[in-house]
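For clarity, every value in this text was computed on a predicted model and none was experimentally measured. As a basis for the values below, the full set of heavy atoms in this structure was taken, side chains included, without hydrogen atoms, waters or symmetry mates. Below, read A as the first sequence line, B as the second, and so on, with proteins coming before strands; counting in each chain starts at 1.
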Number of protein chains: 4
Amino acid sequence: MSAEEKRRGRPRDEQADGRILDAALEVLLENGYDRFSIDTVAAMAGVAKTTLYRRWPTKDHVIVAVVAKMQDEVPVVDTGDLRADLVGYLTEIAAGLNRMRKAARSKEASDRSAGLVAEIAAAAARHPDIGAAVGQLFARRNTLPISLIHRARERGDLPQDVDPEALFDQLAGALYYRLLITGNPIGPAYVRTLVGTALSGISPTLPVKRTTS
Amino acid sequence: MSAEEKRRGRPRDEQADGRILDAALEVLLENGYDRFSIDTVAAMAGVAKTTLYRRWPTKDHVIVAVVAKMQDEVPVVDTGDLRADLVGYLTEIAAGLNRMRKAARSKEASDRSAGLVAEIAAAAARHPDIGAAVGQLFARRNTLPISLIHRARERGDLPQDVDPEALFDQLAGALYYRLLITGNPIGPAYVRTLVGTALSGISPTLPVKRTTS
Amino acid sequence: MSAEEKRRGRPRDEQADGRILDAALEVLLENGYDRFSIDTVAAMAGVAKTTLYRRWPTKDHVIVAVVAKMQDEVPVVDTGDLRADLVGYLTEIAAGLNRMRKAARSKEASDRSAGLVAEIAAAAARHPDIGAAVGQLFARRNTLPISLIHRARERGDLPQDVDPEALFDQLAGALYYRLLITGNPIGPAYVRTLVGTALSGISPTLPVKRTTS
Amino acid sequence: MSAEEKRRGRPRDEQADGRILDAALEVLLENGYDRFSIDTVAAMAGVAKTTLYRRWPTKDHVIVAVVAKMQDEVPVVDTGDLRADLVGYLTEIAAGLNRMRKAARSKEASDRSAGLVAEIAAAAARHPDIGAAVGQLFARRNTLPISLIHRARERGDLPQDVDPEALFDQLAGALYYRLLITGNPIGPAYVRTLVGTALSGISPTLPVKRTTS
DNA sequence: CGATAAGCGAGACGGTACGTCCAGTCTTCCA
DNA sequence: TGGAAGACTGGACGTACCGTCTCGCTTATCG
């Protein structure tokens with residue numbers, strides 16, 4: 001009845017997981033995705049390759065695990081000012097992405113690239129399970145901001161024909177599009193422009209305006 | 001005056017380029033990105049590996065070349081109905097992306113993934129020159145639809161505070177975001193919702209509607 | 001006390017060595033030194049190239065290993081008749097060398113050449129370790145015949161100012177010189193002449209002669 | 001009628017031969033046999049590869065040509081003292097060989113090796129024509145010292161059962177044997193021991209001769 | 001307490017591709 | 001016809017990883 005089956009044999013070294021992921025993260029930050037090899041990670045973690053493969057079936061899985069752990073919670077605040085809240089949230093995201101760029105290749109290509117994200121996407125493409133995991137990861141992550149938009153619409157700050165999820169896709173997507181595809185920078189100015197454009201004419205610029213109307 | 005430098009030595013076999021890219025495309029469609037090997041391509045093209053490497057320094061470069069060639073022109077029509085035009089354009093893009101999914105891994109992962117696009121992004125991250133090339137490729141490709149938005153704004157169909165490029169990023173980005181990150185489908189319904197949300201309240205739904213009201 | 005180190009990790013497949021060297025020998029005899037490729041050998045031995053390279057760091061090392069294994073023991077008999085014993089020993093050596101000629105290139109150049117021996121010498125020149133190994137190999141091989149000469153001198157059959165090692169160098173060297181440099185044949189007649197010249201006036205031709213005088 | 005056919009078209013650049021061989025020699029001395037590539041030589045000689053191949057059909061042929069040119073004449077003096085004359089001659093040869101060791105690999109292996117000689121031998125084994133050429137080269141080179149021995153025998157300084165050619169093979173062979181096979185050094189001391197052993201008991205040491213006469 | 005089971009470190013193994021190197025040949029234009 | 005330049009075929013090289021395997025050893029629970 002209990003979900004806890006009695007395990008026989010030597011129990012897994014629980015610390016190993018941590019050491020492996022730590023080492024993997026370090027290698028990732030140091031060497032970038034290429035030059036990231038399982039052998040290196042295992043050696044650096046002081047762990048046998050078998051131990052590593054017992055936990056994650058594939059190099060790709062390890063990477064995704066690292067990134068998932070690295071995913072810091074992005075705080076969502078609901079001040080009632082949708083515009084400001086979105087700018088704040090997206091700014092955090094952009095900062096996170098720009099931080100990841102560093103992981104790509106230390107010096108050379110760090111600027112024009114987002115190696116890790118791309119590799120994650122590629123991994124998601126290669127392995128259905130990773131795809132599902134990544135999908136859920138982002139679904140969870142996006143729940144809060146999407147509900148933020150939901151509430152704004154219910155509040156009447158957005159027209160009814162606005163689809164909250166689609167709106168969020170637009171905002172987040174624009175960032176990723178620039179990161180992965182066009183390589184254009186995603187600085188604070190761009191984030192403001194982006195939100196401004198997305199909410200143009202459908203959301204009050206300032207709470208002041210509301211009182212005016 | 002002539003930009004033509006005096007060529008010395010045996011000229012390159014210009015047909016080879018074509019044969020190589022054709023072979024590469026075939027391998028890509030057949031086997032997907034993994035299982036895409038330079039040796040195979042060279043053999044299939046009836047070309048020595050050195051010949052291939054004389055033209056493209058890296059497997060990644062070959063792939064990008066293939067995809068660049070594969071990039072069919074997406075037609076942009078300006079009927080004056082921005083909403084309809086954008087829906088049309090994005091539908092084509094979505095179709096193209098869905099077509100690429102097939103290239104990922106034939107059977108296994110074709111559905112949940114956009115391997116090729118992700119790999120291109122990864123390649124762009126790995127090699128600065130590829131990053132630049134991809135960036136330019138998309139910049140060129142996006143010129144027309146962006147200017148479409150520009151004209152709509154000049155026509156007064158869009159508020160002045162709309163940034164055409166940002167608006168385009170939102171639309172295209174949403175598609176790529178779903179393709180690469182969340183894995184959500186990008187069907188015709190989604191495209192309509194997307195454009196509807198993006199233009200909500202800032203663009204007339206149809207010229208007809210205006211006369212009706 | 002025990003020379004046996006603790007072995008860790010998966011032990012080497014000891015049979016692999018044999019299979020590799022067998023395959024290598026076969027390729028060598030079949031195709032000669034050129035057209036001897038590591039890939040072929042590995043494939044023929046049913047072994048991954050990495051396995052092969054784990055044991056021998058270089059194509060040259062593999063070849064030397066093959067030849068070393070191929071080195072059949074040349075028997076040395078000490079009948080008390082130095083002249084006859086040397087003729088016998090050198091005849092065996094000459095036969096062995098002539099056998100190796102075959103390994104050079106089957107048809108074309110087999111006759112005029114001792115490809116393999118030359119390649120070994122070249123390999124010894126390229127890699128210091130191979131040089132050392134070959135040196136030791138021959139040192140070991142030559143111990144017996146040299147001590148044969150030693151004993152003859154102690155017996156009084158040779159003057160004291162004869163250096164056994166130098167004498168051996170002369171005899172063996174003459175064979176290799178003809179094989180490698182001048183290309184002159186080394187048949188039984190030559191061997192007799194050679195020993196005759198080397199021992200001329202310093203060693204009794206036949207035990208009969210001694211009784212005569 | 002005349003053996004001189006009228007040549008048509010552009011005459012060969014006669015200086016090219018020299019420049020090529022000079023460059024080849026330099027590369028050989030600088031880089032050793034490995035790292036000696038036709039492309040390098042051609043580039044260094046300021047000559048097209050075609051030009052080079054019009055003169056020598058093979059890399060091996062070029063090398064042999066270089067060495068043949070490098071072969072300085074070794075003077076043979078006949079003072080009537082065979083022992084001294086042979087020591088002198090062999091000393092020169094040994095010096096030449098030791099000089100060649102340098103050509104092998106600058107620093108690393110120069111000491112323990114005679115790359116060039118071995119490569120020549122290998123080349124002779126690979127190409128029958130090179131074999132013949134090398135054979136003749138050495139035959140010519142060895143004529144004088146062999147006739148030196150001949151004269152000594154006619155003079156009565158050597159027994160009749162000494163084969164001059166075989167005796168020479170012994171002496172020269174010993175040097176090459178050490179150079180190529182055992183790797184033992186061939187210094188002046190060895191040369192004296194060698195000649196002493198070869199002539200032991202069959203040739204007067206010289207002071208003896210004086211008293212006899 | 002010994003048997004059984006699993007985890008672990010170490011490292012060999014099969015397999016696959018990579019990108020490089022070089023020999024020799026071929027093609028073009030120029031002298 | 002020769003030469004310079006350089007592209008081309010063909011073949012091998014040695015390397016790098018991945019993911020699996022095989023040892024001997026350690027650590028747990030079960031009977």
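For D/I38, the side chain to side chain contact (heavy atoms under 4.5 Å, CB included) criterion is met by D/K49, D/L52, D/Y53, D/K59, D/V62, not counting sequence neighbours. In terms of the salt bridge (Lys or Arg N to Asp or Glu O under 4.0 Å) criterion, B/R54 has no residue partners (sequence neighbours excluded). For A/R10, there are no salt bridge (Lys or Arg N to Asp or Glu O under 4.0 Å) partners two or more places apart in sequence or in a different chain. Residues forming a salt bridge (Lys or Arg N to Asp or Glu O under 4.0 Å) with D/R55 (at least two apart in sequence, or on another chain): D/D17. Qualifying salt bridge (Lys or Arg N to Asp or Glu O under 4.0 Å) partners for D/D129, counting only residues two or more places apart in sequence or in other chains: none.
For F/dC18, neither phosphate oxygen OP1 nor OP2 lies less than 4.0 angstrom from any side-chain nitrogen or oxygen of A/T58.
Rounding to whole angstrom units, CG of residue C/D60 and P of F/dA12 are separated by 16 Å. Taking atom NE2 on A/H127 and atom C1' on F/dC18, their separation rounds to 11 Å, with Å as the unit. Taking atom CZ of residue D/R126 and atom P of nucleotide E/dA23, one finds them 11 Å apart after rounding to whole Å. Rounded to an integer number of Å, the gap from A/W56 CH2 to F/dC18 P is 15 Å. Atom pair B/Q15:CD and F/dT9:C1' shows a separation of 16 Å (rounding to whole Å applied).
Here the side chain of C/S37 pairs a donor or acceptor atom with the backbone of C/T40 at under 3.5 angstrom.
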Which nucleotides of nucleotides 12-18 of chain E have their base under 4.0 Å from a protein heavy atom (B), which only their sugar-phosphate (S), and which neither (-), written as one string 5' to 3'?
BBBB-SS
